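Each residue takes its place number in the sequence, starting with 1. Because only heavy atoms are used, hydrogens play no part in the values below, and waters and symmetry mates are left out as well, while side chains stay in. Computed from a predicted model, the values in this text were never measured in an experiment.
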Amino acid sequence: MLECRSEAEIISDLQRLCTSQGYIHALAFLCWRDNFFVFSEELTPNDLSRSKSHERLLRSELSFLTGLMVKALIDFSLPSPVTMQKYIDETDALMSELHKAMGKPLWENLDNTNLTKETISNCWVGKALREPMFYAGEAAYMFQYRDFSAERYLNDAAWLSMNKGFLPSDLKIIIQTISKSTVHKILELTSQCAIEHINTLTLLPAFTASPEEISSQSGIPLERVKNVILAFSLPPTPCNLGFLEFGDYNQTNSHPIIPAENGRFVLLQEYCLAESAYESPFFWTSGDLDYEEVAKENRGLFAESFSARRLEDVFNEGHIYRNVHIRKGNDEVGEIDVLVVYSDRVILLEAKSKKLTLSSKKGDAQKIRSDFESAVQKAYDQNFRNANFLLNEEYNLYDEAGVPLEIRRNYAEVFILCLVSDYYPSLAFQARQFLKVQEHKIISPPYVMDIFFLDTLCEMLDTPLHFFNFLHRRLRYSERVHSETELAILSFHLANNLWFDDKYDLIDLGEDFSVHLDAAMFSRRDSLPGDKTPKGILTKFQGTFFEYLIQKIGEREDDHILALGYLLLEMSEDSVKSLSDGCKMILDQTLKDGCRHDITMGFQVSGICVHSASNWKDKDEIDWLLNHCQIAKYRSKADTWFGIALDPKQEDILQGIVGIRLPWQKDRIMDEALKNFSKSSGGKSLKDAIRSYDNIQASKTGRNSLCICGSGKKDKRCCKNSSR
């Protein structure tokens, strides 16, 4: 049993400490120490390592300390260096002790349980869930809160202007201005550090500003700047008196600006202001009874429109459908918020605007499950039903205007995305604990995420192949790969490829894995100098024929094209080199002699035949490639096989793709064709073997039968009659 003091005792000591004379100077130091990172010429992942250290205080912990501090009149007098260090050391010690105390309910549950995989999972209930919620990794970047707020409340601009005296766009610019001003002041203060100034050294001035200087630097009229500051300012201290423990409403989260003397203000964490700018206006607008319904409608519209817009950046507009209505006869049976149709894959996205309630944060087990039910489970259940309707041609699809949608209804994979538009602490963890998932051979398990992760995913994996490949891999490991945030898993994928040996039952990726992704996102969104793409799967094959092949595959929508892409992206570096070298070799040979040349690579349950020829418009060439794939697949006892057609004389060297997707089974006719193919046994040539197999296959498969490639299309309309 973990021995420690009670939370109440520890918080009582923290309350005394936080209201000590001049404590705000120590808190300013802690906010600088644990929220800021330093880099030289370019930002690298190593520069962000400190921000993922378990030794630092999280922003939620710093907000907790701020919430306790404002419960008394703030004393701004500067403490001595000895006292300042005492405050810092005592804060670190007490916050470490509080962390242990909050984890105690879990350890008590474990001590009273016969430990198995299932019983350990059952220990995460009620009070035990408070710890992962309070110490959850940050799901959103500050620039996401800052930038999204302007778009989220665009339709509420008139209300905000009339009732609050500023526009949504003002919020973004003012937060950006305060942030730049703070960084500039910190650099000035730290550059002037000298031993003779130690008695007067404080970083609090870096976090202090006036409306006048923000107006001057931002170009926004002073009156509107003052209105923004007022809207997010605390009342005069003491305040926040109802804040007694984690889970209680902390005013400093929604009102992070602390009024100071002479009209100035203190903002210790710009992140909190950006987060409040994203969340608080909804509560203001919905508090107006005459505007409440409009505010709710606008909130839902943002989640859907933002998701659709970001997915359009990956798949282009023609592949995205919003508010798809599903009907059987005259009855409407379902509606899909966002539908993505690309090649033989489809995505159904359901967006919910639901936050974790205060009761849940306090450990109310029933409320935690109720919140999750509303935010995630209902979205999944709804989308799973819709996915089944989508696969059944008895149900008809209509767009927003009521026009019938003419889209395919058979797919190789169906992905369900359950999205929440607000920060939901420990979302991935709760999904593992509570989500009830139904099994289906085509419909993948759901991917539960927030709007911030979807934005990052679309930013980094901006082609259909890479996007679908990540979904395919991530959901394949949904039970085995865990992390506090999905950002760490995406970052690991970008750097190392998301692949793990089957011998590992559980892989837990720490939050520190996200530093590669973090550095790239800061470079892209905050214009910091550094690599905009993490070194890894998106960069390592630059300039090779393999990169060209992946690029060209990513531009096509043929059936099997994504499955082939999955296979190629899973190949080892040695296999990639062999494939690239082999393709170059057969292309050179075809240029020299004008003849057909090929290479074949087999893997565990799949393989590739690559053929180089100069006349792929000739039906015989496609037939030849398809039949070669059939024989190679059978010989290797593989379930899938792909053929790639190359023509060195064309500007677009990649001329076509064929694929076969059928479970391997022994076949007397194929045995005979393979025997005739074998040169070592003195059998017939490949051409004769294929002709022999073609004659046999024609007697087995009529033109109206389904094609053997597994596309679901009739044989006469599929591989044998198209260069694809």
Can you check whether F29 and Y87 have ring centres sitting under 6.0 Å from each other? no

Presence of salt bridge, K180 and D526, under 4.0 angstrom: no

Side-chain donor-acceptor contacts of residues 227-236 below 3.5 Å, not counting sequence neighbours, with atom names and distances?
from: N227; atom 1: ND2; to: G165; atom 2: O; distance (Å): 3.1
from: N227; atom 1: ND2; to: E223; atom 2: O; distance (Å): 3.2
from: S233; atom 1: OG; to: I229; atom 2: O; distance (Å): 2.5

Modelled atom types, side-chain donor and acceptor of Q144 and T456, under 3.5 Å: yes

Do V346 and I407 come within less than 4.5 Å of each other through their side chains, counting heavy atoms only? no

Can you find a side-chain donor-acceptor pair between D381 and Q377 that sits under 3.5 Å? yes

Donor on one side chain, acceptor on other, R322 and S305, under 3.5 Å: no

Close side-chain approach of F265 and P259, heavy atoms under 4.5 Å: no

For residues R50 and D34, determine if any side-chain heavy atom of one lies less than 4.5 Å from a side-chain heavy atom of the other. yes

N163 and D288: side-chain donor and acceptor closer than 3.5 Å? no

Please examine the side chains of F207 and T182, heavy atoms only from C-beta on, and report whether any two atoms are closer than 4.5 Å. yes

State whether a side-chain donor-acceptor pair under 3.5 Å links T485 with E511. no

Parallel, tilted or perpendicular: ring planes of F468 versus Y342, cut at 30 and 60 degrees: tilted

Should the heavy atoms of other residues, nucleotides or ligands under 6.0 Å from NZ of K52 be counted, would the total exceed 12? yes

Is it the case that over 12 heavy atoms from other parts of the model lie below 6.0 angstrom from the CD atom of E400? yes

I'd like to check D450 versus L419 (side-chain heavy atoms, cut-off strictly below 4.5 Å). Are they in contact? no

Less than 3.5 Å apart, which donor and acceptor atoms pair up between the side chains of residues 62-74 and the rest of the protein, not counting sequence neighbours?
from: S63; atom 1: OG; to: R59; atom 2: O; distance (Å): 3.1
from: S63; atom 1: OG; to: Q269; atom 2: NE2; distance (Å): 3.2
from: T66; atom 1: OG1; to: L62; atom 2: O; distance (Å): 2.8
from: K71; atom 1: NZ; to: Q15; atom 2: OE1; distance (Å): 3.2
from: K71; atom 1: NZ; to: F243; atom 2: O; distance (Å): 2.8

Please determine whether a side-chain nitrogen of the Lys or Arg among K296 and E292 lies less than 4.0 Å from a carboxylate oxygen of the Asp or Glu. yes

Please tell me whether F148 and F306 form a close aromatic pair, meaning their ring centres lie under 6.0 Å apart. yes

Show the numbers, then the answer: is there a side chain to side chain contact (heavy atoms under 4.5 Å, CB included) between H466 and M460? CA-CA 9 Å; H466 279 296; M460 301 310 303; over 6 Å; no

Any luck finding a side-chain donor-acceptor pair between S149 and K172 under 3.5 Å? no

Cation-pi between R224 and F166: NZ/CZ under 6.0 Å from ring centre and within 45° of the ring axis? no

Quick check on the 6.0 Å ring-centre criterion: do F143 and F522 meet it? yes

State whether Y278 and R152 meet the cation-pi test: NZ (Lys) or CZ (Arg) under 6.0 Å from the six-membered ring centroid, and within 45° of the perpendicular axis. yes

Polar contact flag, side-chain donor to acceptor under 3.5 angstrom, N298-Y153: no

Atom of A140, atom of F452 and distance for their closest heavy-atom approach: CB-CG, 3.5 Å

Rounded at 0.5 Å granularity, tell me how far SG in C272 sits from CD1 in I257. 11.0 Å

